[in-house]
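Have a look at the structure below before the remarks.
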Amino acid sequence: MSSKDPYTKDEDSRFTLRIDSELLEAIKIEAKKNKRSTGKQIEFIIEEWLTKNVSKE
């Protein structure tokens, strides 16, 4: 764990995000369905998008 933040692993970074309330609520619902935290659901969505949309050159 990071010495600066006991809740954040060394390989992770903290990031503040402003997001539309309705969009966040939809993400929370999906997270609950998938048994993930809201933050992990957002991370999953971003990873899926990157996998599908970013070339690996």
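Just so you know, residue 1 is the first one in the sequence shown, and it goes up from there.
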Nearest 0.5 Å please: distance from the [atom1] atom of [X] over to the [atom2] atom of [Y].
X: Thr38; Y: Lys32; atom1: OG1; atom2: NZ; result: 10.5 Å
X: Gln41; Y: Glu30; atom1: CD; atom2: CD; result: 6.5 Å
X: Ile45; Y: Asn34; atom1: CD1; atom2: CG; result: 9.0 Å
X: Ile27; Y: Ile19; atom1: CD1; atom2: CD1; result: 4.0 Å

Whether the side chain of Asp12 engages the backbone of Thr8 through a donor-acceptor N/O pair (distance < 3.5 Å, no angle test) should be reported.
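No; judged by distance alone, with no hydrogens or angles, the pair does not exist.
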Within the distance-only criterion (no hydrogens, no angle test), does the side chain of Asp20 pair as donor or acceptor with the backbone N or O of Glu22 below 3.5 angstrom?
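Yes, the answer is positive, given that a donor and an acceptor are paired below the 3.5 Å cut-off.
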Tell me, with the steps shown, if Glu48 and Phe44 meet side-chain contact (heavy atoms from CB on, under 4.5 Å).
CA-CA 6 Å; Glu48 287 290 300; Phe44 175 79; 3.6 Å; yes
Please report the closest heavy-atom contact between Ser37 and Ala31, naming both atoms and the distance.
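Distance-wise, the nearest heavy atoms are O-CB, 3.7 Å.
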Please check if Phe15 and Tyr7 belong to a single hydrophobic cluster, counting links between Ile, Leu, Val, Met, Phe, Trp and Tyr side chain heavy atoms closer than 4.5 Å.
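Cluster IDs for Phe15 and Tyr7 differ.
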Should Ile29 and Leu23 be regarded as members of a common hydrophobic cluster, given that ILVMFWY residues are connected when their side-chain heavy atoms come within less than 4.5 Å of each other, either directly or indirectly?
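They do not share one cluster, since no chain of ILVMFWY contacts under 4.5 Å joins Ile29 to Leu23.
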Starting from the C-alpha separation in whole Å, work towards a yes-or-no answer on side-chain contact (heavy atoms from CB on, under 4.5 Å) for Val54 and Trp49.
CA-CA 8 Å; Val54 176; Trp49 187 91; 4.0 Å; yes
